[in-house]
Asks: 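Just passing along the structure, written as C-alpha cells.
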Amino acid sequence: MKIDLKKIIFFSMATIIFILIRQQSHFTEPNYKNIEIISYNLVNKHGYSVEILNLGGIISSIKTPDRSGVFKDITLGFTSPKQYLDEHPYFGAIVGRFANRIANGKFELEGKEYILAQNNGPNHLHGGALGFDNVYWEVDTLENKNGIQLSYISADGEEGYPGNLSVTVTYILTDDNTLKVKYEAQTDKTTVINLTQHSYFNLSGDFSKQILDHELQLFADSYLPVDNTQIPTGSIQLVADSPFDFRARKEIGKDIDIKNNQLEIGKGYDHCWVLNNTKKDLVKAASVYHPQSGRMMDVYTDQPGIQLYTGNFLDDTLPSKTQGTYGPRSAFCLETQHFPNSPNVSDFPTTILKPGEIFTSETHFKFSVN
Ligand code: BGC
C-alpha cells in the first residue's frame, strides 16, 4: 500500500488546528463564577438605602425606618454576595426574559414553535435555567447619582427565546423614599417579554417572623385561578366572596388557611391578580402595612397584573441574613407583570415584542411610616 505523506501531514495539521480551536473556544466561554460581583449602594437624604448587585440586578438589601426611626433591612437575601451564586428562589432578582410560568415550556410565535426549559414541573418558570436573575449586568451610575442603570443583551436563542434582546433596568431611589424600577427592551426578531422584580419583603425586618400579620390591599377586582401545575386556567375570576378579596385592607393571614382548592395548589397565595388598570397608566396596585413597626409600602405599576407570592415554598434550608433560616411565609413578593402563560393565551394582554418597538414598563415601591 502506498503511503500518501502529503495527505497524512494535511490531516494531522487539520486535527491539531481543530483541537486548538476547540480549546480556545472552551477557554473563552464565559465563566460566570469568576466575574467579580459588585454591589452598589443608593442612599437618599433621609437615610433610606437600597443595595443592588451586578449579578442578576439583585436587590440585596432595602433599609427603611420604623415609627421610632430604627432602620432595618426589610428584604430577604444573603449576607455575602457570593451566596447568590448558589441556587435560591430568585431573592431580589430581575426576572426575565419571561417572568412566571409558560405552560409545558412551549409557545408558538409567527407559526414557529419555541421550546423552553421545563424547570418547574412540566412548565417553564422565570426565564429558564439561566434567566436574567443569573447573568451579570453592565452597570452605569446615573449622572445625579441617585440611581443606576443595568444593561444586558440576551442573545438570540438564549434559553430558547427568539431574537437578540437588549434590556435596561434602571433603579432610582428618590428623596420621597420611592424606589423606581424602569424597564426598557428592544429586539431584532419578534419575541415575548415579561419582566419583574422578585424582592421578598418582610416589613418587620425580623425574618424569623411570618408576614401573616401584614395588612394588604390589592387594587384588583379579579384574579387568575390556576390548574394543578399553577398555570392560569384562562378564566378571570372575581375576588368577591373569596379569600382572594383584598379590595379592602386585610391581614395576609386572615384567610390564607381557609379550605380552598386554589390556596391548596399554591400552599397559600401564589396567584396573579388582574389590576383595575385598563389604561396602562402608572397607578397604585398594592399597599402593605405592618402595624407593629408602622412600616408601609405602596406599589405602583403600569403592568396589568401583580403576583402575590407568600413565600409558601421557603422551607428553612437557606440561611437568614439575621439568624436561623428562611421558613414558609417569612416574606411576601408583589411581582408586577403581565399574566402568566400569556404567549399561549390569546385573550390575555399581549407580551409580544416586535423589531422596531420599544418595550417599557415601570414599577415604584414607595416606603413610608404610619
Ligand atoms: C412563583 C412561585 C415560586 C417563586 C420562587 C414566584 O414568583 O409564583 O411559585 O415558587 O416565585 O421561584
Side-chain angles (χ1 to χ4, degrees), residues 56-59 75-78 83-84 86-105 116-134 159 181 183 193-202 207 211 216 218 220 223-233 244 246 252 256 261-275 285-286 299 301 303-318 325-342 348 351 361 363 365:
I58 289 171
I59 294 180
T75 55
L76 269 57
F78 301 116
Q83 289 172 279
Y84 291 97
D86 297 328
E87 213 175 301
H88 64 91
Y90 306 87
F91 280 152
I94 295 167
V95 176
R97 183 179 301 201
F98 199 97
N100 217 315
R101 293 173 173 83
I102 295 180
N104 302 311
L116 312 167
Q118 290 166 289
N119 57 333
N120 186 251
N123 303 320
H124 179 79
L125 177 70
H126 293 334
L130 259 189
F132 291 1
D133 58 296
N134 254 306
E159 287 295 331
V181 190
Y183 308 86
I193 183 166
N194 189 21
L195 303 176
T196 196
Q197 219 301 323
H198 209 295
S199 284
Y200 285 70
F201 296 96
N202 183 327
F207 308 131
I211 44 74
L216 170 69
L218 290 174
Y223 81 105
L224 304 174
V226 292
D227 70 12
N228 287 334
T229 71
Q230 294 188 272
I231 295 291
T233 57
F244 292 82
F246 282 96
I252 292 180
I256 202 170
N261 169 254
Q262 284 296 313
L263 290 172
E264 271 163 33
I265 293 172
K267 285 175 124 188
Y269 296 108
D270 192 2
H271 295 76
C272 186
W273 269 254
V274 177
L275 293 168
V299 183
T301 191
Q303 293 292 284
I306 195 165
Q307 180 91 3
L308 165 65
Y309 170 54
T310 44
N312 317 312
F313 301 113
L314 294 171
D315 57 1
D316 280 310
T317 49
L318 294 171
T325 48
Y326 292 124
R329 300 174 181 172
S330 56
F332 64 89
C333 302
L334 284 168
E335 308 154 42
T336 56
Q337 58 189 256
H338 267 258
F339 302 168
N341 198 32
S342 294
F348 286 172
T351 48
S361 136
T363 291
F365 298 95

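When a ligand or atom number is given, it counts from 1 through the structure's own listing order.
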Asks: Which atoms from ligand 1 have a heavy atom of Tyr200 less than 4.0 Å away?
Replies: 5 (C)
Asks: Does Asp133 use its side chain to pair, donor to acceptor, with the backbone of Tyr90 at less than 3.5 Å?
Replies: no
Asks: So between Gln307, His198, Arg101, whose heavy atom ends up nearest atom 6 (C) of ligand 1?
Replies: His198
Asks: Determine, considering heavy atoms only, which of Tyr90, Tyr309, Phe313 sits nearest to atom 4 (C) of ligand 1.
Replies: Tyr309
Asks: Geometry only, no angles: is Asn100 polar-contacting ligand 1 at N/O separations under 3.5 Å?
Replies: no
Asks: Tell me if the centroids of the rings in Tyr326 and Tyr200 come within less than 6.0 Å of each other.
Replies: no
Asks: Looking only at heavy atoms, is any part of Tyr269 under 4.0 Å from ligand 1, and if so is it the side chain, the backbone, or both, or is it neither?
Replies: neither
Asks: Checking Gln118 against Asn104: is there a side-chain donor and acceptor pair closer than 3.5 Å?
Replies: no
Asks: Which ligand 1 atoms, with their elements, are less than 4.0 angstrom from a heavy-atom of Asp270?
Replies: 1 (C), 2 (C), 8 (O), 9 (O)
Asks: Quick one: sort the Phe91 and His88 rings into parallel, tilted or perpendicular, breaks at 30° and 60°.
Replies: parallel
Asks: If we ignore hydrogens and angles and just use 3.5 Å, is the side chain of Gln262 paired with the main-chain N or O of Val226 as donor and acceptor?
Replies: yes
